[in-house]
Amino acid sequence: VRLAWINRYGAIDIWNFDHLREQTYTAKVDKIYTADGYKNIGAETETQTIVESRELPKDALEALSYILCSPAVWLVKDVRYMGLEESHFTPIDIISDSCRVYSDAELSTLEIAYRKNKREKW
């Protein structure tokens, strides 16, 4: 999963997260009761995704963790050999308010959760 964000210096950083840890699908459905029984009158869906980096040194993890407070973050569609165009960037919302860093040795990994910037309506 490739994410891009505006870093603390105002430039765009791009990073490939190596592991897709979890995806959760949720739906918010509004219902009314009619003479024919309950009816769905609207639904919004949302997919929440948790990704994890490969093992990295501490300084790389610190730079990567700025994604939490970046003013803009995007999911980048990987289009090989076609370059990066605006249409390849989908705005996302970072759900994590802290980075979970795991370590079994000197190197650690970073875990981040995100969702699309706008809910999908059905």
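Basis for what follows: all heavy atoms, side chains included, without hydrogens, waters or symmetry-related copies. Residue numbers start at 1 and run along the sequence shown. The model shown is predicted, which means the values in this text are computed figures rather than measured ones.
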Within the distance-only criterion (no hydrogens, no angle test), does the side chain of S70 pair as donor or acceptor with the backbone N or O of I6 below 3.5 angstrom? yes
Which residues pass the side-chain contact (heavy atoms from CB on, under 4.5 Å) test with N7, sequence neighbours left out? W5, Y9, A11, D13
Between CZ on residue R21 and CD1 on residue I50, distance to nearest 0.5 Å: 10.0 Å
Validation row: Y114, I67 side chains within 4.5 angstrom (heavy atoms): no
Any T47 side-chain heavy atom under 4.5 Å of K116 side chain: no
Begin from the C-alpha positions of L56 and L110 and carry the test side chain to side chain contact (heavy atoms under 4.5 Å, CB included) through to its verdict. CA-CA 8 Å; L56 298 167; L110 177 112; 5.8 Å; no
Take V29 and Y38 through the side chain to side chain contact (heavy atoms under 4.5 Å, CB included) test and state the conclusion after the steps. CA-CA 12 Å; V29 180; Y38 285 101; over 6 Å; no
I need the minimum non-hydrogen distance between E62 and R8, along with the two atoms involved. O-NH2, 4.0 Å
Check whether any side-chain heavy atom of F17 sits under 4.5 Å from a side-chain heavy atom of T49, and report yes or no. no
Under 3.5 Å: donor-acceptor pair, side chain of T109, backbone of E52: no
Considering all heavy atoms, the nearest L3-I92 contact: CD2-CD1, 3.6 Å
In the single-linkage hydrophobic clustering (I, L, V, M, F, W, Y; side-chain heavy atoms under 4.5 Å), do L20 and I95 co-cluster? no
Test P91 against every option in N117, V73, L75 by the side chain to side chain contact (heavy atoms under 4.5 Å, CB included) rule and name the one that passes. N117
For the pair S96 (side chain) and A113 (backbone), establish whether a donor and an acceptor sit closer than 3.5 Å, ignoring hydrogens and angles. yes
